[in-house]
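Below you'll find the structure, written out as structure tokens, and then a few comments.
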Amino acid sequence: MIVNSFKGLCRVVLPLYSHKSLSTNILVRHRAALGKHLLGHWRSSTSHGKLVRNGEGKKSVICLEGNIASGKTTCLEYFSKTSDIEVLTEPVSKWRNVQGCNPLGLMYQDPTRWGLTLQTYVQLTMLDQHVSPMTAPIRMMERSIYSAKYIFVENLYKSGKMPEVDFAVLSEWFEWIIKNISLPVDLIVYLQTSPQTCHERLKQRCREEEKVIPLEYLESIHNLYEDWLIHQKSFHVPAPVLVIPADHDLKKMLHQFEENREKILMAR
Ligand SMILES: Nc1ncnc2c1ncn2[C@@H]1O[C@H](COP(=O)(O)OP(=O)(O)O)[C@@H](O)[C@H]1O
Ligand SMILES: Nc1ccn([C@H]2C[C@H](O)[C@@H](COP(=O)(O)O)O2)c(=O)n1
């Protein structure tokens, strides 16, 4: 089921400067030079004033969304065997180890203290993925900078675990990013599961940091996903949504991935 076709409108902005990303060079642009330079993998968009990756229009970006342990990595593994697709898994290893520290683990231990720390780093690493040069015509990436903000930051804030000031700082960062940098998404594939299924799979995966996650946490994440991608009543949806029911066993899931292959890969 394709839920919606809702492309974001771009705004004209005048960024004063940009920065060097973790893996790519982003155009460093001053007001005086706006629209004149073409550096590295980036160019300034003449129509919208955003930083845009060269060749962006010819390629296709699919974001795979879903609750924790819904089966996103398993799905990406399946499609990684297809030629002409590059797969970007979430940089969880970075979230577990930044210069010897583990912000993911710290966040689960004390979300009020460490939520901002983790989500700032998630936002940076997801941005880095969105802007990294594509090495194949189709990119499938696990989650997005959008779900980081609309689901996980929102959940921390709504549940009273993120202080107002932390939420405000993260929100301003996020707004700046989406206003100034082109982050095109052509399709969102939503693996729709029940929170109970995720809880079972989470226990089975047994990631150390996640042992403290109760069913209620997965229910909150689930409700935010449903409001965003199914009811479309909370936040902007940056691309059409393909929903794949994902409570089924592995065999049936692989069958469904195959059935949806065309819809997913034609998302341009
Ligand atoms: N359809 C399925 N049925 C049963 N177990 C599954 C299924 N899909 C994935 N799993 C298992 O559930 C756990 C979480 O899956 P994973 O793909 O890592 O989820 P995610 O990337 O969304 O967190 C893993 O142990 C995986 O082997
Ligand atoms: N913005 C985010 C994104 C993810 N997480 C957490 C949730 C999981 O514990 C872990 C990885 O998620 P998965 O791919 O297994 O669904 O990272 C977060 O807290 N904030």
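If you're wondering where the values come from, they're calculated on a predicted model, not measured in any experiment. Both counts, for ligands and for their atoms, begin at 1 and track the order of listing.
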If the cut-off is 4.0 Å to any non-hydrogen atom of [X], which atoms of ligand 2 fall inside it?
| X | value |
| --- | --- |
| Glu142 | 14 (O) |
| Arg143 | 4 (C), 12 (O), 13 (P), 14 (O), 16 (O) |
| Arg205 | 15 (O) |
| Met107 | 19 (O) |
| Leu104 | 6 (C), 17 (O) |
| Ala148 | 1 (N) |
| Gln119 | 1 (N), 2 (C), 18 (C), 19 (O), 20 (N) |
| Glu210 | 8 (C), 9 (O), 10 (C) |

Answer side chain, backbone, both or neither: which part of [X] comes under 4.0 Å from ligand 2, heavy atoms only.
| X | value |
| --- | --- |
| Lys149 | neither |
| Thr73 | neither |
| Ile68 | both |
| Val153 | neither |
| Ser70 | neither |
| Glu209 | neither |

- Message: Between the side chains of Glu90 and Lys72, is the shortest nitrogen-to-carboxylate-oxygen separation below 4.0 Å, so that they form an ion pair?
- Response: no

Look at ligand 2 and say whether [X] reaches it with a heavy atom at a distance under 4.0 Å.
| X | result |
| --- | --- |
| Met126 | no |
| Arg207 | yes |
| Gln123 | no |

Mind checking whether [X] and [Y] have side chains closer than 4.5 Å, heavy atoms only?
| X | Y | result |
| --- | --- | --- |
| Met107 | Leu156 | yes |
| Tyr146 | Leu183 | yes |
| Ile62 | Ser60 | yes |
| Ile68 | Arg205 | yes |
| Thr74 | Leu250 | yes |
| Gln256 | Pro245 | yes |

Side chains of [X] and [Y]: is there a donor and an acceptor less than 3.5 Å apart?
| X | Y | answer |
| --- | --- | --- |
| Lys149 | Ser171 | yes |
| Glu209 | Gln109 | no |
| Asp247 | Thr193 | no |
| Glu86 | Thr135 | yes |
| Trp95 | Thr125 | yes |

- Considering all heavy atoms of both residues, which atom of Ser220 and which atom of Asn155 are nearest to each other, and what is their separation? CB-OD1, 3.2 Å

Quick one: look up the protein heavy atom nearest [atom] and list residue, atom name and how far away it is.
| atom | value |
| --- | --- |
| atom 18 (C) of ligand 2 | Phe152 CD2, 3.5 Å |
| atom 14 (O) of ligand 2 | Glu90 OE1, 2.5 Å |
| atom 21 (O) of ligand 1 | Thr73 OG1, 2.4 Å |
| atom 24 (C) of ligand 1 | Arg205 CB, 4.3 Å |
| atom 1 (N) of ligand 1 | His248 O, 2.9 Å |

- Can an N or O of Ala69 be found at a distance shorter than 3.5 Å from an N or O of ligand 1? yes

- Message: Looking only at distances, can you tell me whether any N or O atom of Gly71, backbone or side chain, sits closer than 3.5 Å to an N or O atom of ligand 1?
- Response: yes

- Message: I'd like to know if Ser70 contacts ligand 1, where contact means a heavy-atom distance under 4.0 Å to any ligand atom.
- Response: yes

- Message: In this structure, does ligand 1 have an atom that sits under 4.0 Å from one of the heavy atoms of Glu142?
- Response: yes

- Only one of Trp228, Tyr190, Tyr225 forms a side-chain hydrogen bond (donor to acceptor under 3.5 Å, both in side chains) with Glu65, so which one is it? Tyr225

- Item | Verdict with supporting geometry, Thr89 and Arg143, side-chain hydrogen bond (donor to acceptor under 3.5 Å, both in side chains) | CA-CA 8 Å; Thr89 52; Arg143 293 215 179 98; over 6 Å; no

Which of these, [options], has its nearest heavy atom closest to [atom]?
| atom | options | answer |
| --- | --- | --- |
| atom 5 (N) of ligand 1 | Arg207, Arg201, Glu200 | Arg201 |
| atom 25 (O) of ligand 1 | Arg143, Lys252, Gln204, Glu77 | Gln204 |
| atom 16 (P) of ligand 1 | Asp249, Thr193, Leu250, Thr74 | Thr74 |

- Item | Exceeds 12 heavy-atom contacts within 6.0 angstrom, atom CD of Glu262 | no

- Within a reach of under 6.0 Å around CD of Glu172, are more than 12 heavy atoms found that belong to other residues, nucleotides or ligands? no

- Contacting atoms of ligand 1, where contact means under 4.0 angstrom from a heavy atom of Met253: 1 (N)

- Query: Do ligand 2 and Tyr108 have nitrogen or oxygen atoms that lie under 3.5 Å from each other?
  - Reply: yes

- Would you check the N or O atoms of Trp95, main chain and side chain alike, for any that come under 3.5 Å of an N or O of ligand 2? no

- Message: Would you call the rings of Tyr78 and Phe257 parallel, tilted or perpendicular, taking 30° and 60° as the class edges?
- Response: tilted

